[in-house]
Structure formats: C-alpha cells, structure tokens
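Just so you know, these numbers come straight off a predicted model, no measurement behind them. Throughout, numbering of the chain's residues begins at 1 and tracks the sequence.
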Amino acid sequence: MFNLEHEIAEWRQQMISVGIKNPAVLDELESHLREDMEHRILYGEAQDTFQKATQQIGQLERLKAEFEKTETNERKLMKRGLIIGAGVIGILVGMGFVTPAVAQYQHEGVMKNAEPWLFLLGSLLTLASFGLAIRGLKKSRA
C-alpha cells in the first residue's frame with residue numbers, strides 16, 4: 001500500500017544524495033510537492049499523484065545543477081566581499097602603523113626608536129591591502 005510520508009522521506013534522501021542538503025530548501029521543495037499533490041487530488045487526478053508531482057518539481061540532476069549555480073554565485077560574491085573587506089581592514093591597520101611614525105617625524109624632524117620599522121611595515125601592509133581590495137573589486141565587475 002502507498003505510504004505518502006515514506007515516499008516523501010525517500011524523495012528527500014534522493015535530493016540529499018544529489019547534493020541538495022539545505023534543510024530549508026528541502027522543506028520548500030517538499031511544500032511545493034505537497035501543494036501540487038493536493039491540487040491534483042482536488043481536480044480528480046488522484047492516480048499516481050506522487051509520481052506526477054515529483055516530475056513537476058523537476059528531475060534530480062536538473063535541480064542539482066540549478067542549486068549549484070546559485071550556491072556558486074553566492075559563494076563567489078561572499079569570497080569577493082571577504083577579499084575587499086580584508087583589503088580595507090589591512091589599509092586601516094597599515095595606516096595605523098604609518099600615522100604615528102609620520103607624526104613623530106613632523107614633530108621632531110626625525111624618526112626615533114621603532115618608528116622607521118613601523119613606517120616601513122605600515123607602508124607595505126597598506127600597499128598590499130590596497131592591491132588586495134582592488135583585486136576584489138576587479139573580480140566583482142568581471
């Protein structure tokens with residue numbers, strides 16, 4: 001005898017096996033599946049409603065490909081955002097090293113103690129971070 005809950009559980013396992021593992025996405029797809037089945041039963045298509053509804057949702061490989069596109073784009077955007085953010089933070093930290101050394105030089109006309117090293121470290125960090133931020137911006141436009 002047909003057991004709907006068992007069939008839906010197996011369908012969810014098939015979705016997980018092809019890579020659709022997000023519980024919220026699975027719940028959303030299951031919701032559409034149940035709505036389609038209710039609609040078919042309501043309009044007299046009770047025979048094989050589960051199979052027809054799963055076909056309506058889509059073939060597993062096609063669904064997997066669509067979700068991979070979405071996840072890939074989201075990951076790319078997240079990675080670019082992290083690169084840009086790391087660049088901006090690096091610029092701020094680098095300028096935090098440079099500023100005291102420049103202030104010492106302006107006040108006394110010479111850099112003493114660790115200020116030359118802070119200036120050099122801050123300058124390198126600022127330049128490298130600026131390059132990182134620009135790289136992230138260029139990738140986001142491509």
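Clustering of Ile, Leu, Val, Met, Phe, Trp and Tyr side chains at separations under 4.5 Å places L124 together with W117, L120. When hydrophobic residues (I, L, V, M, F, W, Y) are linked wherever their side-chain heavy atoms come within less than 4.5 Å, the members clustered with M78 are L82. Within the hydrophobic cluster formed by Ile, Leu, Val, Met, Phe, Trp and Tyr side chains joined at under 4.5 Å, directly or through other members, L118 is accompanied by I89, V93, F97, L121, L125.
In this structure, V25 and L29 have side chains that are in contact, with non-hydrogen atoms separated by less than 4.5 Å.
In this structure I16 satisfies the side chain to side chain contact (heavy atoms under 4.5 Å, CB included) test together with Q13, K21, L26, sequence neighbours excluded. In this view, E35 and S31, H32 satisfy the side chain to side chain contact (heavy atoms under 4.5 Å, CB included) rule, not counting sequence neighbours. Residues forming a side chain to side chain contact (heavy atoms under 4.5 Å, CB included) with Y105 (at least two apart in sequence, or on another chain): M111. Partners of E30 by salt bridge (charged side-chain N to carboxylate O under 4.0 Å, His left out), not counting sequence neighbours, listed by chain and number: R12, R34. In this view, H107 satisfies the side chain to side chain contact (heavy atoms under 4.5 Å, CB included) rule with no residue, not counting sequence neighbours.
With rounding to the nearest 0.5 Å, the separation of NZ in K138 from CD1 in I83 is 13.5 Å. Atoms CG and CG, on L132 and L127 in that order, are 12.5 Å from each other to the nearest 0.5 Å.
Within the structure, no pair that satisfies the salt bridge (charged side-chain N to carboxylate O under 4.0 Å, His left out) test touches residues 84-102, not counting sequence neighbours. Judged as a side chain to side chain donor-acceptor pair (under 3.5 Å), not a single pair has a partner in residues 118-132 (not counting sequence neighbours).
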